[in-house]
Q: 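The structure's right below; bear with me while I get my questions together.
Counting convention: from 1, in listed order, for ligands and their atoms alike. Note that these values count all heavy atoms, side chains included, but never hydrogens, waters or copies made by symmetry. One-based numbering along the sequence shown. Treat the numbers as computed from the prediction; the structure is a model and nothing was measured.
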Amino acid sequence: MQRLANKRIIVGITGGIAAYKSAELVRRLQDHGADVRVVMTAAAQSFITPLTLQALSGKPVHLDLLDTEAEAAMGHIELARWGDAIVIAPASADFIARFAHGHGNDLLTTLCLAARCPIAVAPAMNQAMWASPANLENIETLRSRKIPLFGPAAGSQACGDVGLGRMLEAEEIAQCTADLFENNILTGKRVVITAGPTREAIDPVRFISNHSSGKMGYSLAEAARDAGAAVTLISGPVNLDCPDRVDRVSVSSAQEMLDAALNVLPADIFIATAAVADYRPDKQANQKMKKKGDGGPLTLTLIENPDIVATVAKQEPKPYVVGFAAETQSVLEYARGKIERKNLDMIVANDVSQAGIGFNSDENAVTAIWPDQEQVLERASKQQIASQLVELIAQKLAAEG
Ligand code: PMT
């Protein structure tokens, strides 16, 4: 299994003989699905060339804080934001000292200061250096900051000594890196999510729609991505940017949303958050309709739209299908009816009559319903609700085997 699918890892290489193992580490991380970028200190370049790492990572290697050309391509702050984790391997005694004391005197230490992602350190040095009081004090500082330490291992060293200080093997470091992402509950899964409203055209300038902002569906897309899934978001017209590392298919009408959904299947999980218009005008006028001006009514005939989630639930292989039910009364009862009628595995009941939750709000409060069980998710941000739902879906999917 690719334990690092969808993850961006920055490998920091410092000056030590174990730097040769970093080339292998880049490969192993890629084998586990990671997108890898490499940062090298000046000392590292005495042990292994940037060209080798560039060829292996397929990306320019980042070397210098003060290189205007490199900074223009991807500056150190941007790089710090890019990474989901930074792994320093090998981490020399000098780097560990500078990192522990918050120095920012080269690209790698500056990156570590700017990063908000986990930073892990794989020490590599001579056993006597490792055991020196200064180094052990620095290591203690890192431990007190909850910096994950990968190793070191004990064994024979390049200098002929035997003892603690060897860098872990590349595969061990890759596995430890994957362990940093506790929330890898959907790794290897393909998730399709519908979000936002649909627009059903009356004429070239008018349409029937609703108040869905897309926030709930987009939060679910982010939560599923963070859980390691490959996510496709089929979105009606909304004012939200496409989340990083999510594939978005933009649609307008219910029919377009259905076509897009069938086009991206098969998937492991299908989540229908979209507020799909149940009806559309039977005809769309080619030109803007003119006011009659006689004070009389205008009659539109509406015909039923296809039911997207119910259609998806009939496909083979059937994904784990999750619907949402936006209701203003008898919320749980209506939601339970929909789980059966639409052949869903789970439905999320959303009371949209309450102020501050549901349509176009930043918060929500829902009840997750399965044929044999229910669970209330108390009011929280849509991001928090989304993470909880993703966890519940992953648990059910795992239980189904
Ligand atoms: O987008 P936000 O502003 O963040 O608001 C979030 C939300 C309120 C839209 C969301 O939480 C929600 O409740 N979505 C479901 C809205 C809805 O249309 O519910 P429904 O009860 O009408 O439909 C039931 C299910 O069938 C839904 O999963 C819906 O996507 C699906 N459906 C409905 C009609 C149709 N033609 N095709 C469908 O797939």
Q: How close does the nearest protein non-hydrogen atom get to atom 14 (N) of ligand 1, and which residue and atom is it?
A: T273 O, 2.9 Å
Q: Distance to 0.1 Å, residue and atom name: give those for the protein heavy atom nearest to atom 22 (O) of ligand 1.
A: K338 NZ, 4.1 Å
Q: Is there a donor-acceptor pair under 3.5 Å between the side chain of H103 and the backbone N or O of F99?
A: no
Q: Taking T52 for the side chain and I48 for the main chain, is one N or O donor matched with an acceptor at less than 3.5 Å?
A: no
Q: Test your reading of the structure: does A325 have an N or O sitting under 3.5 Å from an N or O of ligand 1?
A: no
Q: Could you go step by step and tell me if R98 and D106 meet the salt bridge (Lys or Arg N to Asp or Glu O under 4.0 Å) rule?
A: CA-CA 10 Å; R98 290 188 293 125; D106 63 5; 3.1 Å; yes
Q: Among the heavy atoms of E304, does any lie under 4.0 Å from an atom of ligand 1?
A: no
Q: side-chain contact (heavy atoms from CB on, under 4.5 Å) with R379: which residues, sequence neighbours excluded?
A: I357, E363, A365
Q: Would you please determine whether D307 falls within less than 4.0 Å of ligand 1 on a heavy-atom basis?
A: yes
Q: Does P306 reach ligand 1, in the sense of a heavy atom lying below 4.0 Å from it?
A: yes
Q: Could you tell me if any non-hydrogen atom of M257 lies under 4.0 Å from any atom of ligand 1?
A: no
Q: Can you tell which part of D278 has a heavy atom less than 4.0 Å from ligand 1: side chain, backbone, both or neither?
A: side chain
Q: Is R166 reaching over with its side chain to a backbone N or O of S156, donor-acceptor style, under 3.5 angstrom?
A: yes
Q: Show me which atoms of ligand 1 lie under 4.0 Å from any heavy atom of K382.
A: 2 (P), 3 (O), 4 (O), 5 (O)
Q: Hey, does the Lys NZ or Arg CZ of K396 hover above the aromatic six-ring of Y320, less than 6.0 Å from the centre and inside 45° of the axis?
A: no
Q: Which protein non-hydrogen atom lies closest to atom 25 (C) of ligand 1, naming both residue and atom, and how far is it?
A: F324 O, 3.0 Å
Q: Would one find more than 12 heavy atoms of other residues, nucleotides or ligands at under 6.0 Å from atom CD of E400?
A: yes
Q: Would you name the heavy atoms of S209 and P197 that are closest together and state the gap between them?
A: OG-CB, 3.5 Å
Q: Can an N or O of G196 be found at a distance shorter than 3.5 Å from an N or O of ligand 1?
A: no
Q: Measure from atom 8 (C) of ligand 1 to every heavy atom in N350, V276, V348 and give the option owning the shortest one.
A: N350
Q: Heavy-atom distance to atom 29 (C) of ligand 1: which of G323, A274, G214 wins?
A: A274
Q: Quick check: G217 and ligand 1, any N/O pair under 3.5 Å apart?
A: no
Q: For ligand 1, which atoms sit closer than 4.0 Å to a heavy atom of N360?
A: 2 (P), 3 (O)
Q: Between the main-chain N or O of D35 and the side-chain N or O of K7, is there a donor-acceptor pair closer than 3.5 Å?
A: no
Q: May I ask you to list the atoms of ligand 1 that are less than 4.0 angstrom from any heavy atom of S212?
A: 1 (O), 2 (P), 3 (O), 9 (C)
Q: Would you check whether A275 has a nitrogen or oxygen atom less than 3.5 angstrom from a nitrogen or oxygen atom of ligand 1?
A: no
Q: Please examine the side chains of T311 and V309, heavy atoms only from C-beta on, and report whether any two atoms are closer than 4.5 Å.
A: no
